[in-house]
> 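Next up is a structure, given as structure tokens.
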Amino acid sequence: MAETFMARILITSAIPYINGIKHLGNLVGSQLPADLFARYNRARGHEVMFICATDEHGTPAELAAAKAGKPVAEYCAEMHAIQSDIADRFGLSFDHFGRSSSDRNKALTQHFAGQLADNGYIAEVAEKQVYSNADGRFLPDRYIEGTCPNCGYDKARGDQCENCTKQLDPTDLINPRSAISGSTDLEVRETKHLFLRQSALKDQLDAWIDSKTDWPVLTTSIAKKWLHDGDGLQDRGITRDLDWGVPVKRGSEDWPGMEGKVFYVWFDAPIEYIAGTAEWADANGKSDADWERWWRTDKGADDVRYVQFMGKDNVPFHTLSFPATIMGSGEPWKLVDYIKSFNYLNYDGGQFSTSQGRGVFMDQALEILPADYWRWWLLSHAPETSDAEFTWENFQAGVNKDLADVLGNFVSRVTKFCRSKFGEEVPDGGSYGPEEQALISDLQSRLEAYQAHLDAIEVRKAAAELRAIWVAGNEYLQAAAPWAAFKTDPDRAAAIIRLSLNLIPVYAVLSAPFIPDASEKMLRAMKAETTAWPEQMHSALSMLSAGHAFEVPDNLFTKIEDASRMEWQERFAGTRA
RNA sequence: GGCGUGGUAGCUCAGCUGGUUAGAGCGCACGACUCAUAAUCGUGAGGUCGAGAGUUCAAGUCUCUCCCACGCCA
């Protein structure tokens, strides 16, 4: 064993909204790279806590439930089960996939609000808002329509007229009506809301962001912009007049004047990272101390490295709002150490669109190909530095070349050659010479580069290095040419094949964070006893000794035919069925 | 309109604090090999690094202006 330093790593992925199945752009922007990082760190022997959840509160969930003709709680429970199942089939190895509607999150959200209020970071603001008697609810700006007083456009929204772009106040509208029911039975009522005084924490946040010199520019530039743009960081409302959400309470106490209100979804959603860890403890018969050691720096979390994954649209909440909640609480909660943010993945020249059903959604992806194919392509093309582009041609080429030709075919040619010349066991005879030493040394340096990229969460670079590691096997085999050696010097061929067979379990372990299912098949075929990470190539490549039995596996990957590609291209171009 | 991020070979992308003939993979051409999923390996042809100006002994890499794409905000 080399170094045995064991770190503790807390990983969270931005939590997907509950209404509906996410598309591949959502997947590659948070959950998938988070899973890569979690799997890699577990493989290196670190202690990992990987948490995700569904984000269930807010108006869209209510509307989606209404559309489905179900009570919102029932709708959310069903959708959570569906999303959980799909995540599982994609190999997303969450330690827990929680729900922001959990009791744990309710209690924690109320707790944070109480702490913030005690510390003076909550302001109560009275505002006038439009109330719809027919709908029995307040109408947020965009749920009111009417005639624009400026240009006469009759479908102006409460916040802005789309026709003349003039900003409006809902009370400016002529003949206002509810966008939900169309009712004109509206009245202006005074209502009170809570605001998180982010502006009071601005300097603290600014200094904190400044201290994060190793963060991606995408992350810090967005944070800086919100901190300094215009009048600087603004206070934000954290409550809404809705039914579905965390009831507003000050800790466990009622909050006078806030009866019937709930916390706004952006306030309670990130708290679910903590609550989700508590849910993990509950689900696994653990104690509070077991989850608190990940989150409370006074209870063991001071040596935890906390890494968040998210798309760029989520950066403001994670660099400012959620940290403001943590800082303002005055309690020793763990702040994020590193934020890995992603740009968007575009689909065939346009955007993935949930509303238009454009692109490939997670369930559809698994209908047509195994998870590994998607995982590999998406991760090796992750939109790290700029928006990236999914095209079916690129996808087909990447999968066929990298997975089928380079990796899959390597396993195939080595195992089949061995079976035909030596039988299905690792052959004896010969010894490793200069060519073998050169390969081992090359792989050792590539291994170190691969690890460095994964440690730095450089996803695409890690994928490229992994691919180079696969290619090294083919290069070696081509140069060593055991099929030629076998005719004149069978012992030499045996040595070459012995090393080549040993490459397979090493490839399996190194590739597992990207393509866990194929890795599993490789290990099973080779009947490998250990799945330990190959810290040293020299020893890792002699794990399978002469006489070790194996089986020739079925082809690991099937190539994508042109006909299939064109069929899918057609199928996913338009509207989701 | 303001802000942000990009604009590097046909395609997808690397290029840190400026320094020899600008890199990788795919695709393409040619060659080698024949164990393997018509797979693999090698060689090569492709770029005035969005445009223009400036700083410098030296700029893809810094400054300014402009153009384009995408995104956010208003």
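FYI, side chains are in, hydrogens and waters are out, and symmetry mates aren't considered; it's all heavy atoms of this structure. Here is how names work: the chains are called A, B, and so on, in the same order as the sequence lines, proteins then strands, and each is numbered from 1.
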> Could you state the atom-to-atom distance from CE of A:M310 to P of B:C72 in whole Å?
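Taking CE of A:M310 and P of B:C72, I get 17 Å after rounding.
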> Counting only heavy atoms and a strict 4.0 angstrom limit, can you tell me which residues of residues 464-475 of chain A come near RNA chain B?
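Correct list: A:R467, A:V471, A:N474, A:E475.
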> Is the shortest side-chain N to carboxylate O distance from A:R39 to A:D35 below 4.0 Å?
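Yes.
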> Just how far, in rounded Å, is P of B:C35 from NZ of A:K416?
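A:K416 atom NZ is separated from B:C35 atom P by 13 Å.
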> Using a 4.0 Å cut-off on heavy atoms, which residues in residues 542-567 of chain A reach RNA chain B? List them by number, or say none.
A:N555, A:L556, A:F557, A:K559
> Aromatic rings A:Y507 and A:F410: how do their planes relate, parallel, tilted or perpendicular, breaks at 30° and 60°?
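Ring orientation, 0 to 90° scale: tilted.
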> Roughly how far apart, to the nearest Å, are B:A59 and B:G52 at atom P?
15 Å
> Which pairs, protein N/O on one side and nucleotides 9-17 of chain B N/O on the other, fall under 3.5 Å?
{"residue": "B:C13", "atom": "O3'", "partner": "A:R460", "partner atom": "NH2", "Å": "3.0"}
{"residue": "B:A14", "atom": "OP1", "partner": "A:T385", "partner atom": "OG1", "Å": "2.1"}
{"residue": "B:A14", "atom": "OP1", "partner": "A:R460", "partner atom": "NH2", "Å": "2.2"}
{"residue": "B:G15", "atom": "OP1", "partner": "A:K461", "partner atom": "NZ", "Å": "3.0"}

> Taking RNA chain B as the partner, which of residues 494-524 of chain A come within under 4.0 angstrom of it by heavy atom?
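Result for residues 494-524 of chain A: none.
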> Parallel, tilted or perpendicular, judged at 30° and 60°: which one describes the rings of A:Y347 and A:W392?
perpendicular
> Looking only at the side chains, is there a donor atom on one of A:Q451 and A:Y40 sitting less than 3.5 Å from an acceptor on the other?
no
> Answer yes when A:D206 and A:K202 have at least one side-chain N-carboxylate O distance shorter than 4.0 Å, and no when they do not.
no
> Do A:Q31 and A:P16 come close enough that some side-chain heavy atom pair is under 4.5 Å?
yes
> Just to verify, which of A:Y273, A:W266, A:F309 counts as forming a ring-ring contact (aromatic ring centres under 6.0 Å, His included) with A:H318?
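The option that passes is A:Y273.
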> What pattern of brackets, bars and dots sums up RNA chain B from 5' to 3', given Watson-Crick or G-U wobble pairs under 3.5 Å, [ ] for crossing pairs and | for another strand?
(((((((..((((.....[...)))).(((((.......))))).....(((((..]....)))))))))))).
> Rounded to the nearest Å, what distance is computed from the CG atom of residue A:L477 to the P atom of nucleotide B:C33?
16 Å
> Would you call A:R492-A:E435 a salt bridge at under 4.0 Å N-O?
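Judged by the 4.0 Å cut-off on N to carboxylate O distance, A:R492 and A:E435 do form a salt bridge.
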> Between B:A74 and B:G27, how far apart are the two P atoms, rounded to whole Å?
46 Å
> What integer number of Å spans the C1' atoms of B:A69 and B:C28?
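About 28 Å, rounded to a whole number of Å.
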> Give me the residues of residues 421-439 of chain A where at least one heavy atom lies under 4.0 Å from an atom of RNA chain B, by number, or none.
none
> Show your reasoning for whether side chain to side chain contact (heavy atoms under 4.5 Å, CB included) applies to A:W483 and A:K421.
CA-CA 9 Å; A:W483 46 88; A:K421 306 299 184 196; 6.0 Å; no
